[in-house]
Amino acid sequence: MQLGNLMESEILSQPDLLASRSSGYLDQLSSMVGGQKYEMVLIAARGSSDNAALYARYLIEIHLRIPVVLAAPSTLTRYKSDIKYPKCLAIGISQSGAAPDVAEVLARMKAQGHSTLAITNTAGSRMHEEAEHCLLLEAGTEQAVAATKTYSSSLLAMYQLVRALGADLPAPNLPSSSWANLTREAAQEALGPVLRSTILFSLARGYNFSTAQETALKLMECALLPCKSYSTADFQHGPKALAGHGTCALVFGPRPEDIEAQGCLVVSAPEYSDAADSPIAEIFFGQWIALLAARARGLNPDDPRFLSKVTMTL
């Protein structure tokens with residue numbers, strides 16, 4: 001069996017899965033929180049789900065003009081701080097629904113009288129039980145340790161949540177199987193520069209900053225390649241000094257100025273669009289580059305070392 005066979009199958013399943021779940025997400029979220037007005041949104045998540053939360057922050061602040069806070073769960077779980085929030089929608093995102101610190105944030109917010117919403121792929125999980133509302137992603141069992149279809153499903157859920165809360169956004173333009181194949185070919189072509197480089201960067205701004213973050217995470221957990229993600233703007237404020245010979249930057253969107261002249265190899269990811277829903281499609285490239293790099297290094301991304309599917313932090 002080929003290394004990463006499960007991860008490959010789950011990447012390829014995403015177009016059909018997303019198309020089948022999209023309208024259901026909107027209908028369910030509209031019935032849960034549609035028409036509600038909030039002064040603030042708090043989102044708690046870890047790992048890939050934290051990158052989905054970052055995407056949601058851009059969506060909510062741009063299209064609903066509501067401030068978003070990405071929770072630091074340890075302020076509650078370790079330091080026992082009793083934070084007072086204005087009228088708030090608290091969202092927890094976790095594919096397993098088992099993250100105790102994320103569930104604790106939801107429990108505390110619910111106890112304070114705030115609306116709480118769990119986004120998870122696991123019915124009956126702690127998050128499912130703690131939250132007032134729960135959207136089950138219904139992505140099917142994700143067997144590979146690396147999140148792929150649960151990540152893109154979480155992005156889609158966030159997009160539909162913002163629509164349910166009243167944003168003037170069109171129905172999402174979801175990726176097709178041909179897009180999955182195109183991004184795979186692009187990742188194969190980019191593999192050489194990635195594998196030859198000793199320092200890797202993953203760069204983007206705006207909606208796709210989440211894509212850069214998730215791509216860096218995938219390269220680290222699947223292919224054991226150290227990769228640091230930056231906002232393209234923040235990259236100019238210091239890290240750019242490292243971008244010389246022997247380095248490679250994976251870029252989603254406009255390239256940073258001058259780094260090729262410094263000797264850095266630049267790989268531009270295929271651009272799906274410049275619309276708010278583009279991260280749902282553009283992460284395919286990041287998933288493929290991680291899978292293909294792992295295979296090239298003789299690693300099995302379905303079962304990466306030192307990692308498990310469910311991570312418990314408090």
Side-chain angles (χ1 to χ4, degrees), residues 6-29 31-33 43-56 71 73 90-107 116-162 164 172 174-175 210-211 213-214 217-218 221-222 279-281 283-284 286-287 290-291 301-304 307-313:
L6 294 174
M7 184 177 177
E8 177 176 353
S9 175
E10 287 165 357
I11 294 172
L12 290 170
S13 73
Q14 291 175 114
D16 287 344
L17 171 66
L18 295 169
S20 68
R21 297 290 179 264
S22 183
S23 61
Y25 289 173
L26 179 61
D27 291 343
Q28 292 176 67
L29 290 164
S31 68
M32 293 173 189
V33 297
I43 311 178
R46 295 292 193 190
S48 290
S49 297
D50 208 19
N51 297 328
L54 179 60
Y55 172 56
I91 305 169
I93 311 172
S94 169
Q95 61 85 20
S96 69
D101 46 1
V102 176
E104 184 65 20
V105 171
L106 291 181
T116 53
L117 170 66
I119 307 291
T120 181
N121 197 44
T122 309
S125 60
R126 182 179 172 188
M127 270 180 47
H128 188 178
E129 299 299 325
E130 293 285 8
E132 177 186 1
H133 305 291
C134 181
L135 176 72
L136 293 173
L137 295 173
E138 297 184 324
T141 302
E142 191 170 58
Q143 295 179 282
V145 170
T148 52
K149 62 181 181 176
T150 56
Y151 177 72
S152 58
S153 297
S154 296
L155 297 183
L156 177 58
M158 292 298 97
Y159 185 87
Q160 297 291 44
L161 171 64
V162 175
L174 297 174
S210 59
T211 309
Q213 294 271 69
E214 179 66 8
L217 175 61
K218 285 287 170 286
E221 69 179 346
C222 296
I280 302 170
I283 190 52
F284 282 42
Q287 294 170 352
L291 169 60
D302 290 340
D303 187 23
L307 299 177
S308 60
K309 188 64 178 171
V310 179
T311 302
M312 307 292 280
T313 54

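Here the side chain of Ser210 pairs no donor or acceptor atom with the backbone of Ala53 at under 3.5 angstrom. For the pair Glu130 (side chain) and Glu104 (backbone), a donor-acceptor distance under 3.5 Å is absent.
When every heavy atom of Ala147 is checked against every heavy atom of Glu221, the shortest pair comes out as N-OE2, 4.5 Å. Residue Pro301 comes nearest to Leu291 through the heavy atom pair CG-CD1, 3.5 Å, listed as atom of the first residue, atom of the second, then distance. Scanning both residues, Gly124 and Glu129, for their nearest heavy atoms gives CA-OE2, 3.9 Å. Closest non-hydrogen pair, Ala139 versus Asn121, comes out as N-OD1, 2.8 Å. Taking each heavy atom of Ala157 and Leu29 in turn, the nearest pair found is O-CD1, 3.5 Å. In this structure, Leu18 and Leu174 approach most closely via the heavy-atom pair O-CD1, 3.6 Å.
Ile119 contributes atom CD1, which lies 11.0 Å from atom OG of Ser94 (distance to the nearest 0.5 angstrom). For the atom pair Met158 CE and Ile93 CD1, the distance stands at 4.5 Å (nearest 0.5 Å). Between Leu156 atom CG and Arg21 atom CZ the span is 10.5 Å, to the nearest 0.5 Å. Atom NZ of residue Lys149 and atom CD of residue Gln287 lie 12.0 Å apart, to the nearest 0.5 angstrom. If you take CG on Leu26 and OG on Ser31, they are separated by 9.5 Å, rounding to the nearest 0.5 Å. Separating the CD atom in Gln28 from the CG atom in Leu161 is a distance of 12.0 Å, to the nearest 0.5 Å.
Annotation: side chain of Pro100 is in contact with side chain of Arg126 (closest heavy-atom distance under 4.5 Å). Looking at heavy atoms from C-beta onward, Cys134 lies out of side-chain contact with Met127 at the 4.5 angstrom threshold. Residues Ser154 and Leu137 form a side-chain contact, since some pair of their non-hydrogen atoms from C-beta on lies under 4.5 Å apart. Side-chain contact between Ser153 and Tyr25 is present, with at least one heavy-atom pair separated by less than 4.5 Å.
Ser48 and Glu214 share a side-chain donor-acceptor pair at under 3.5 Å. Checking Glu142 against Thr150 by side-chain atom types alone, a donor-acceptor pair falls below 3.5 Å.
Residues satisfying the side chain to side chain contact (heavy atoms under 4.5 Å, CB included) criterion with Ala131, sequence neighbours excluded, are Leu106, Thr116, Ala118.
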Go through it in stages, so that I can follow the logic: the residues are Thr120 and Leu136, the test is side-chain contact (heavy atoms from CB on, under 4.5 Å), and I'd like the CA-CA distance, side-chain angles, deciding distance and then a yes or no.
CA-CA 5 Å; Thr120 181; Leu136 293 173; 3.9 Å; yes
